[in-house]
Amino acid sequence: MSSAESATTLDRRSLLQAAILLVGGSVAGLPASALAQAAAPAERFFSPGQFAILGEFADTMIPRTDTPGAKDAGVPEALDALMTNWASGERQEQFRALVDQIGATGLLAARGDARLALVKKFDAERLGAHDPVYGRFKDLLLTVYYLSEAGATKELRYELIPGKWEPAVTVGTDTRAWAV
Amino acid sequence: MFDAIVVGSGMSGGWAAKELTEKGLKVLVIERGRHVEHGADYTDSLSPWELQNFGMVPEEEAAEHYGIQSQCYAFSTATKHFWVKDSEHPYTQAEGKPFMWIRGYHLGGRSIMWARQSYRMSEIDFESNAKDGHGSDWPIRYADMAPWYDHVEKFAGISGSKENLPQLPDGQFLPPMAMTDAELDFKAKLEAKYPGRKLIIGRCAHLTEAQPQHEELGRISCQYRSLCERGCSYGSYFSSLSATLPAARNTGNLTIVTDSIVHSVVYDPKTGKATGVRVIDANTKQGRTYEAKVVFLCASAIPTAQILLNSTSEAFPNGLANRSDAVGRYLMDHLSGMGAGGIYRGFEARYHHGRRPNGFYIPRYRNVTEPAEGFTRGYGFQGGVLRDNWRRGVSRPSVGAELKNELRRPGPWRIGLSGFGEMLPRPENRVTLHRTRKDKWGVPIVHIDCGLGDNEKKMIEQVAKDQREMLEMAGCTDIYVNKHYGGVGLGIHEMGTAHMGKDPAKSVLNKYNQAHDVPNLFVTDGACMASGGCQNPSLTYMAMSARGAHYAASFLKEGKI
C-alpha cells in the first residue's frame, strides 16, 4: 500500500468514526464488514442520488429489527463494490437503469409504511413478470446481506469450524437457520 | 538418472510416487503446473464475508478466461487459482459435440478439488465388456483389484458403511457419516417400494476417525466445514498434498520438479524401451530431458494420450505404444448433471448442525436387480435431504420484517438427486492432436471428438423417469426433474484413452498397466480404464496406481524391464 493510499484509508476511517459519533453510535457496535467496506477503495459506482435510492430500497427490503438491517450490514456499499469489482459492463448498465426505475417510483419521498408498500409492490410486480434483471438484483441483495458478518452471525448463524456433524438436533422457538 | 519418472502429481501420480519410493526406487515426479504448499496456499480459513466478491468471479474475467472451468460447481474466487485459464490452455472440439474439459495444473492436480466420493468397481463392472461386447475385455477381474483397494483405502481413509452389495463391494471403512431423519425416511420408503434398490451413506475420502497412519502425516479428523475444494489445511480429506506426496517424501527417495511440461516420451529403438521424457520449462520454454529406467504416465486421461501421440519415432509413427491405434480412442466420462429434487415434507422439529461434506448414494440397480429397457449398463444417484436456507427467499415476493422473519427460520427439507451414468467405450470417441495448432509451449493442442450414443441417450431418459417416480413415491412436492445434460466432460471423469486389454492389437496396456509395445512404460491414470462403471473412479485410479507400481518395481528388480 502506498502512503497516499493509506492516508486516504485513514481519512475515510476517521470520517466514518466521526459520522458515527455524530449520530450517537459507536464503532464497536458496527459490524466489521461495514468498517471494511467503508475503508475500502474510494470511488463509488453509483451516483450519490442512485446510491441513496439503493440504500433506502435495501434497508426497506431488509430493515433493522432486533438484528441489523441492510445498511447496518454494509449492504449498499458491498453492492456498489460488486458493481465495480464483479459486474460486467452489460450488468452495470442494467443495474443503473434498475436503480433509476426504483427511484422513479418516488421511493425517497415516501416514508414509513408508504415506502414499505411501494417496495412491496415493486418487488411483487418485477418477480411476477420474471424480470431477470430484478431477479438477479434481489438475489445479490439477499446474498450480500445474509453472507455479511452481521447477516450471517447476528440474524442467522454461521460456524467456520463446526467440529462435528449432528444430523438431528431439536429445533427450538428461536432456532436460526444456518447462513451456509 | 532416476529409477522411475512419474508424469503428473494428482490422484494417480501421487500414489505411483508413494509406492515406488517406498519400494526403494529413486523417483522423479514431474508436474506441469506450479508448486502448491499444503495449508499455506489454501483459502479454508475465510468466512463467507471475507471472500472476494462473496465468492463470485468477475463476470467478464470468467467469460474471457474461464469459459469452461466456470461451469464447474466448485469454481469461485476462493478456488480460482486451482483451475486452468481456458484462454491459456486451448483445445478444439468437434462441431456440435461440446466437451467440457475441467482441469487444474498445479502440484496435487485435481486431488485438491475433487468431490471425494470413493467407490470400488465390482465384478459386474470388470465383466461388462466381455458380457455385452462393447470395448475390450478387461484383462483383470475384481479379485485382482480387491487387495489393492484394501491397501489404498487404509492409507487414504475412506468413510462408509458395509452393505454387502454385489455391484458395490465393501471396503476397509472408517466410520460412516450419519444420515438426517429425512434421509432415513426416504431410505425406508425407497427400500420398501423397490426391493432391488438400496440407499446408503456416501463413501468418501474423509477421516471420520483419523488413524495412526493418518496422524503420522499430520492429518486430523474431519471438522465438517465443507470447504473442501479450497484445500483442507487439516488434511481431513485425501489429496496428494495431504497424504501420498508427504509419504513419498518421507522415504528420502522423492524428487519433484514443477513448472515442467512433458512434451513426449523418449524411445530407444535399440532396446525397445523408453529412456525418459522430454520436458519444456513452463516459464523459460527451455527444453530438457530426464532419464529413468521406468516411466509412469499419470497425467490424466487426455494429457496422457496427448503425450503418447506426440511421442513419434520411426518405430512408432502414430505415437508411442500405439501399434493398436487405440491411443486416444474410447474416451469416456460419466453422464452427469442429471438433477432432480423437491420439498420433502415433515420433520419440522429437526435440524442439522455442521456441514457434512458428503451425501447419500443409491447404487446402480438397472441391469443388476432390475432390468432396463433398451440399454445396457446402468447408473447410480448421489443425493441428500437437508433444510433450505435463506436462498429460498430469492425468487419469492416478500419484503421487510416479514421477509427477515420468514428467512431466519430453517426452511423446509429439500431433497436433491443427481444421476451418474456409465458411458460405453466407443472407438469413435477420441482425442487426437490438432494438425496445425500448438500451445504457447509449442506442443500440439488436442482435438476432442466425443459424443453420446443411443445407449447413453436412452439412459438419460430413464434416469429422469426414475427420479420423478422415486420423488413422487416419497410424497415430495414442488418436484422438478432437470433432464438437461450439460455436455460430456462435466462428470470430470475422463477415462479410457490408453485402455487395458488382453489383445495387443486392440488395446494399449496389459493386465499390469504396462504398455503392450513398450515394457518399461506404465499408465495408471484414467486412461487405463477399459470401461468406467457408473461409480466415481478416483479410488480405482488409486488402486490401479499402487498395483501398477508394485508390478513395475518387481519387474525392475527381476531384470525383466
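Every chain is numbered from 1 and lettered A, B, ... according to where its sequence line falls, protein lines coming before strand lines. If you're wondering where the values come from, they're calculated on a predicted model, not measured in any experiment.
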At a heavy-atom separation under 4.5 Å, does [X] approach chain A through its side chain, its backbone, both, or neither?
X	answer
Arg396(B)	backbone
Thr180(B)	both
Thr208(B)	neither
Ala349(B)	backbone
Leu184(B)	neither

Is any side-chain heavy atom of [X] less than 4.5 Å from a side-chain heavy atom of [Y]?
X	Y	result
Leu156(A)	Leu407(B)	no
Leu227(B)	Leu160(A)	yes
Glu348(B)	Val171(A)	no
Pro162(A)	Arg355(B)	yes
Asn85(A)	Gln52(B)	no
Leu147(A)	Phe54(B)	yes
Tyr351(B)	Val169(A)	yes
Thr77(B)	Trp86(A)	no

Pairs flagged by salt bridge (Lys or Arg N to Asp or Glu O under 4.0 Å) wherever residues 53-64 of chain B is involved - sequence neighbours left out
Arg91(A)-Glu59(B), Glu61(B)-Lys80(B)
What part of [X] gets closer than 4.5 Å to chain B, counting heavy atoms only: side chain, backbone, both or neither?
X	result
Arg136(A)	side chain
Leu140(A)	side chain
Thr60(A)	backbone
Leu127(A)	side chain
Thr173(A)	backbone

Which heavy atom in [X] sits nearest to a heavy atom in [Y], and how many Å separate them?
X	Y	answer
Asn389(B)	Val180(A)	ND2-CA, 4.5 Å
Val399(B)	Leu116(A)	CG2-CD1, 3.8 Å
Pro397(B)	Ala124(A)	CB-CA, 4.1 Å
Ala178(B)	Pro167(A)	CB-CG, 3.7 Å
Lys138(A)	Ser398(B)	NZ-O, 3.0 Å

His353(B) and side chain to side chain donor-acceptor pair (under 3.5 Å): which single residue from Lys164(A), Glu159(A), Arg157(A) fits?
Glu159(A)
In chain order, what residues pass the side chain to side chain contact (heavy atoms under 4.5 Å, CB included) check against Val99(A), with sequence neighbours excluded?
Phe46(A), Gln50(A), Ile53(A)
Please report the C-alpha distance between Leu82(A) and Met56(B) in whole Å, then the side-chain angles of each, then the deciding distance to 0.1 Å, and finally whether the side-chain contact (heavy atoms from CB on, under 4.5 Å) criterion is met.
CA-CA 9 Å; Leu82(A) 282 183; Met56(B) 301 187 299; 3.8 Å; yes
With a 4.5 Å cut-off on heavy-atom pairs, point out which of Gly151(A), Ala179(A), Gly135(A) contacts chain B the most.
Ala179(A)
Most heavy-atom pairs under 4.5 Å with chain B, out of Leu141(A), Asp59(A), Thr143(A), belong to Thr143(A)
Does any donor atom in the side chain of Arg409(B) or Thr175(A) lie under 3.5 Å from an acceptor atom in the other side chain?
no
Taking atom types as modelled and ignoring hydrogens, do the side chains of Thr67(A) and Lys404(B) form a donor-acceptor contact shorter than 3.5 angstrom?
yes
In terms of ring plane angle, is the pair Trp49(B) and Tyr158(A) parallel, tilted or perpendicular, where the classes change at 30° and 60°?
perpendicular
